[in-house]
Amino acid sequence: MPSNSPDPQPRLAETREVVLTSAAQIAQMVSQVSDWFAIHARPLPWRSDDVTPWGVLVSEVLSHQTQIERVVPKWQEFMRRWPAPAALAHDTDASILEFWDRLGYPRRALQLRRCAIAICDEHDGEVPDSVEVLESLPGIGPYTAGAVASFAYHRAVPAVDTNVRRVLARAICGVAAAWAPNVRRDRDIVLATLPTDGVAAAAWNASAMELGAVVCRSRTPDCAACPIAALCVWNQAGRPDNAPTPAKRQAAFKGSMREARGHVMALLRAEGVADRNAVDRALAYQSRFSGEDVVAGLIRDGLISMDADGRVVLGQ
DNA sequence: AAGCCGGGGAC
DNA sequence: GTCCCAGGCTT
């Protein structure tokens, strides 16, 4: 297991305008949250010692914008069907799209298979261990690259998800909500907390994430159960409602193109193939989009394809 | 930086 | 109905 990554040092100088705590206080928080995690961590299956880097990578991709409780059974089924990148690379797009079922964001499924193919073709079937190489893989961005490098290979690198942003926003910045995702900001603030030892860094990444998911929740924080309530800047300030208001509200799902695409994908998972009339019936609920437009978008994304008779099928 | 991309669950 | 969820890609 290579460990020639540079040891990231805390960069308090770069972040002092937002980090309101001292290095000593941060060290105490890291220690206390890690101790809490050792006792209270949920027994997620991909946290077992015998999980492969591929298993870690798969768990992270399945978890994108998806609650962990929904991921657990899918991860177990996934690992039975495709225990290594080669197994997925040798299967088909249609196969993984059918497996994906209603997890959401089915483009993740295609990207994950392309990722497996790239791992087989360019990395001898081994999941890469460096953030830079991981980020070059399809569907692997800054968060997932950091998570795989940290959890699977114990590299001392950040893995900043929405939970970590919120925990640090509250605990050391004194702000009620996570800042908007930003690669530079994520890295700078987390580097103020990240242990230089790779094993300790992995523990901290997982601990901060878990605290955010289970205790330091977005709308209903359980500060009474928090191991760092006494150190948390936001809690000590009386939990002010001091987060900047988001520029734009989330777009409605009902009536959206996403909903329309979802209906067509559900039809194809159930039927395997659909003609034009079947597509129109699937959109008869009230879609403001034509079947033609919906199908064109799905084809553009590689999620479906059309045969010579104008019927559509899953995958390519 | 902002928009797009699913679907389910909590409130 | 609104917001949130172990994000990433495109423009």
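In what follows, chains carry the letters A, B, and so on, assigned in the order in which the sequence lines appear, proteins first and then strands, with residues in each chain numbered from 1.
Between Glu60(A) and Gly139(A), the residue anchored closer to the 5' end of DNA chain C is Glu60(A), taking for each the nucleotide with the nearest heavy atom. Across the interface with DNA chain C, nearest-nucleotide mapping of Ser218(A) and His64(A) shows Ser218(A) to be the residue nearer the 5′ end. For the pair Asp301(A) and Thr220(A), both in contact range of DNA chain B, the more 5′-proximal nearest nucleotide belongs to Asp301(A).
Counting any heavy atom pair closer than 4.0 Å across all strands shown, Met265(A) reaches no nucleic acid atom. The residue Pro181(A) sits apart from the nucleic acid: no heavy atom pair falls under 4.0 Å. Within the nucleic acid shown, Lys254(A) has no heavy atom closer than 4.0 Å to any nucleic acid atom. Residue contacts for Arg165(A): at a heavy-atom cut-off of 4.0 Å it reaches no nucleic acid atom on any strand shown. Nucleic acid contact for Arg114(A): none, since no nucleic acid atom lies under 4.0 Å from a heavy atom of the residue. Using a 4.0 Å heavy-atom distance criterion, Glu69(A) is classed as making no nucleic acid contact. Within the nucleic acid shown, Trp46(A) comes within 4.0 Å of at least one base atom, counting heavy atoms only. Using a 4.0 Å heavy-atom criterion, one finds that Gly141(A) contacts the sugar-phosphate atoms exclusively.
Rounded to an integer number of Å, the gap from NZ of Lys74(A) to P of dC5(C) is 23 Å. Here the C1' atom of nucleotide dG8(B) and the CG atom of Asp101(A) are 12 Å apart, to the nearest Å. Note: CG (Leu62(A)) to P (dG7(C)) measures 12 Å, nearest angstrom. In this entry the distance linking CG of Leu44(A) with P of dC5(C) reads 17 Å, nearest Å. In this structure, the CD1 atom of Ile140(A) is 7 Å from the P atom of dG8(C), given to the nearest Å. Separating the CZ atom of Arg70(A) from the P atom of dC4(C) is a distance of 17 Å, rounded to the nearest angstrom. For Ile68(A) and dG8(B), the CD1 to P distance is 17 Å, given to the nearest whole Å. Gln250(A) has its CD atom 11 Å from the P atom of dC5(C), to the nearest Å.
A sub-4.0 Å separation between OP1 or OP2 of dG8(B) and a side-chain N or O of Arg102(A) is present. Residue Gln67(A) has no polar side-chain atom (N or O) positioned under 4.0 Å from OP1 or OP2 of dG8(B). For dC4(B), neither phosphate oxygen OP1 nor OP2 lies less than 4.0 angstrom from any side-chain nitrogen or oxygen of Arg261(A). Of the side-chain N and O atoms in Thr162(A), one or more sit less than 4.0 angstrom from OP1 or OP2 of dC5(C). Within the 4.0 Å cut-off from OP1 or OP2 of dG8(C), at least one side-chain nitrogen or oxygen of Thr144(A) is found. One finds no side-chain N or O of Arg108(A) lying less than 4.0 angstrom from the OP1 or OP2 phosphate oxygen of dG8(C).
In the displayed structure, Gln236(A) atom CD is contacted under 6.0 Å by more than 12 heavy atoms of other residues, nucleotides or ligands.
Atom P of dG8(C) sits at a distance of 24 Å from the matching atom of dG9(B), rounded to the whole Å. The P atoms of dC5(B) and dA6(C) are separated by 23 Å, rounded to the nearest whole Å.
Taking the side chain of Ala213(A) as heavy atoms from C-beta on, and the options dG3(B), dG7(C), dA6(C), the nearest nucleotide is dA6(C). For Arg47(A), the listed nucleotide lying nearest its side chain is dA6(C); candidates were dC9(C), dC4(B), dA6(C).
Looking at Ser207(A) and Trp36(A), their side chains never bring a donor and an acceptor atom within 3.5 Å of each other. For the 3.5 Å distance criterion, the side chains of Arg165(A) and Thr162(A) fail to qualify, holding no donor opposite an acceptor.
Only one option out of Ile140(A), Leu57(A), Val133(A) pairs with Val127(A) in a side chain to side chain contact (heavy atoms under 4.5 Å, CB included); it is Leu57(A).
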Candidate pair Arg113(A) and Asp91(A), rule salt bridge (Lys or Arg N to Asp or Glu O under 4.0 Å), full reasoning: CA-CA 9 Å; Arg113(A) 179 157 179 270; Asp91(A) 208 323; over 6 Å; no

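Aromatic ring centres of Tyr105(A) and His64(A) lie farther apart than the 6.0 Å criterion allows. Ring pair Trp82(A)/Phe99(A): centre-to-centre distance below 6.0 Å.
A donor and an acceptor atom never sit less than 3.5 Å apart when one is taken from the side chain of Arg219(A) and the other from the base of dC4(C).
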